[in-house]
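In what follows, a structure is listed as structure tokens, so that the remarks can point back to it.
Note that this is a predicted model, so its numbers are computed, not measured. When a residue number appears, it is its place in the shown sequence, counting from 1.
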Amino acid sequence: ADRFSLGAWRFDNNSNLFNHILHPFAGANFYGLSRINNLSVLEASVYSAMSSLIREFALEWRELVSINDLVFTPISGIAVGEFFFQLGEYTTSTPRNKPWHWLTAYTFGMYRTGTNYLYENRKRPPLPRDRLGYSSAYWHRFYVGTEFVSISNNDAVDRLHGLRANAELVTIPGFARPGNFSTIFADGNFTQGDVNIALNPKGGFETDLFFSANLYGRYRQDYSISSSGDIDGHATMLAIQTAFRFSDHSFTDRADQVAVAHAGGPMAKIWLKAGHWRGSFEASA
């Protein structure tokens with residue numbers, strides 16, 4: 001009977017890594033697997049939340065129910081899971097004619113690749129391939145680079161070397177190309193992932209992760225080709241966004257940890273192009 005009382009619920013004090021990395025990525029697996037099996041964003045979110053509740057309430061019977069795990073597992077799992085779901089869809093959108101097609105299909109797209117060995121449950125739009133050989137239904141921007149960080153705090157100075165990787169995916173055919181159209185989306189069509197890791201020989205480190213997904217919204221663009229051959233115009237978006245942020249660093253004379261599960265909230269973004277100039281501005285709550 002105690003299991004069904006408020007005394008069985010608490011905020012746990014497990015490690016930062018366990019609570020804010022393992023649980024969100026477990027939620028991402030619950031969510032992503034359901035998306036691969038053709039569930040909608042809302043259905044997959046419910047599936048992830050119920051999977052987390054069953055684990056906390058039933059499978060971990062000898063432990064108290066963790067309130068923070070019930071928040072971070074499904075909510076953070078939506079942002080992380082939607083990003084990797086879209087990345088997997090993109091990296092398995094080709095017949096694998098090149099070596100990197102095989103590599104990405106069995107890494108980022110391993111769940112989709114495994115599912116397709118059992119049955120084909122996905123229809124692809126008949127669109128041409130992009131420059132990487134994947135479906136042009138997916139707009140993408142990938143960035144990987146090294147970085148050097150110099151940090152000064154009071155009189156202490158620390159230097160770190162690291163790696164930064166960023167990816168953005170948009171699953172709206174015609175996005176950022178010449179054309180004028182407006183569309184309502186409800187399939188997590190705008191996702192982003194950002195990973196930053198830096199270290200030094202003295203034991204200093206910095207880990208910063210950020211994932212976001214715009215689940216529902218309205219997108220409108222008006223682009224045209226100018227007399228000089230450049231794409232000019234603008235695009236706007238209003239959406240419901242969810243996100244996950246994790247930061248853990250230790251350098252100079254301080255160490256900080258923070259993890260945030262951003263529940264769905266409004267966001268607005270505008271893209272501008274004029275000749276060789278381009279930019280974007282966004283705000284979210």
Side-chain angles (χ1 to χ4, degrees), residues 32 35-36 79-116 120 122-147 163-183 185 187-196 210-214 217 219-237 239 269-282:
R35 289 284 280 141
I36 284 173
V80 180
E82 187 64 37
F83 169 77
F84 281 106
F85 166 72
Q86 299 291 354
L87 183 60
E89 295 295 274
Y90 174 68
T91 56
T92 56
S93 64
T94 178
R96 298 199 285 273
N97 297 322
K98 303 292 184 180
W100 62 82
H101 295 160
W102 288 90
L103 176 63
T104 57
Y106 285 94
T107 52
F108 299 120
M110 62 178 180
Y111 285 160
R112 170 59 69 191
T113 300
T115 302
N116 287 349
E120 176 61 53
R122 175 184 50 171
K123 294 182 179 180
R124 296 205 175 276
L127 294 173
R129 304 293 169 182
D130 62 19
R131 288 181 295 177
L132 297 177
Y134 301 102
S135 172
S136 60
Y138 303 84
W139 178 92
H140 63 83
R141 185 178 69 85
F142 300 130
Y143 168 82
V144 178
T146 58
E147 66 179 9
L163 178 70
R164 176 177 290 275
N166 173 271
E168 293 182 56
L169 288 161
V170 178
T171 56
I172 292 182
F175 174 82
R177 299 187 179 97
N180 185 340
F181 68 89
S182 176
T183 184
F185 63 89
D187 201 33
N189 301 65
F190 293 78
T191 58
Q192 176 181 350
D194 195 0
V195 177
N196 180 33
F210 179 79
F211 295 90
S212 69
N214 297 324
Y219 172 78
R220 183 182 184 280
Q221 74 171 43
D222 185 2
Y223 290 120
S224 60
I225 300 178
S226 67
S227 58
S228 61
D230 297 315
I231 298 178
D232 294 343
H234 69 281
T236 58
M237 176 178 62
K269 186 169 184 176
I270 182 171
W271 294 263
L272 301 170
K273 287 185 178 183
H276 295 298
W277 297 91
R278 62 185 61 195
S280 63
F281 305 90
E282 68 176 271

Non-neighbouring partners of H140 that pass ring-ring contact (aromatic ring centres under 6.0 Å, His included), sequence neighbours left out: Y90, F142

With sequence neighbours left out, write down each residue that passes side chain to side chain donor-acceptor pair (under 3.5 Å) with T104, or none if nothing qualifies. Y134

Residues which pass side chain to side chain contact (heavy atoms under 4.5 Å, CB included) with S227, listed by chain and number, not counting sequence neighbours: none

Which atom pair, heavy atoms only, marks the closest approach of S136 to P128? OG-O, 2.5 Å

Residues passing the ring-ring contact (aromatic ring centres under 6.0 Å, His included) test with F85, sequence neighbours excluded, are none

Test item: S135 and R129 side chains (from C-beta on) under 4.5 Å apart, heavy atoms: yes

Hey, are the side chains of P178 and S224 touching, using non-hydrogen atoms and a 4.5 Å cut-off? no

Roughly how far, to the nearest 0.5 Å, is the OG1 atom of T113 from the OH atom of Y106? 6.0 Å

Within the structure provided, determine whether H101 and T91 are in side-chain contact (heavy-atom separation under 4.5 Å). no

Would you check if F175 and F181 make a side-chain contact, meaning some heavy-atom pair closer than 4.5 Å? no

ring-ring contact (aromatic ring centres under 6.0 Å, His included) against F84, all qualifying residues, sequence neighbours excluded: F211

Can you tell me how far the OG1 atom of T92 sits from the OH atom of Y111, to the nearest 0.5 Å? 14.0 Å

Those residues that, when tested against D187, pass salt bridge (charged side-chain N to carboxylate O under 4.0 Å, His left out) (two or more places apart): R35

Pairing residues for A239 by the side chain to side chain contact (heavy atoms under 4.5 Å, CB included) criterion, not counting sequence neighbours: F185, N214, M237, M267

Interatomic distance, D230 atom CG to I225 atom CD1 [nearest 0.5 angstrom]: 9.5 Å

Just so I know, are the side chains of F83 and Q192 near enough to count as touching, which here means a heavy-atom distance under 4.5 Å? no

Under 3.5 Å: donor-acceptor pair, side chain of S226, backbone of D232: no

Please collect all salt bridge (charged side-chain N to carboxylate O under 4.0 Å, His left out) contacts where either partner lies in residues 98-107, sequence neighbours excluded, each pair once. none

Checking L272 now: which residues fulfil side chain to side chain contact (heavy atoms under 4.5 Å, CB included) with it, not counting sequence neighbours? H234, I270, F281

Apply side chain to side chain donor-acceptor pair (under 3.5 Å) to T146 and list each qualifying residue two or more places apart in sequence or on a separate chain. none

Could you give all pairs that pass the side chain to side chain donor-acceptor pair (under 3.5 Å) test and reach residues 164-182, with sequence neighbours left out? R141-N166, R141-E168, R164-D194, T171-N189, S182-R218

d(I172 CD1, Y138 OH) to nearest 0.5 Å is 12.5 Å

Going by side chain to side chain contact (heavy atoms under 4.5 Å, CB included), name the residues that satisfy it together with Y223, two or more places apart in sequence or in a different chain. Y219, Q221, I231, A235, W271, K273

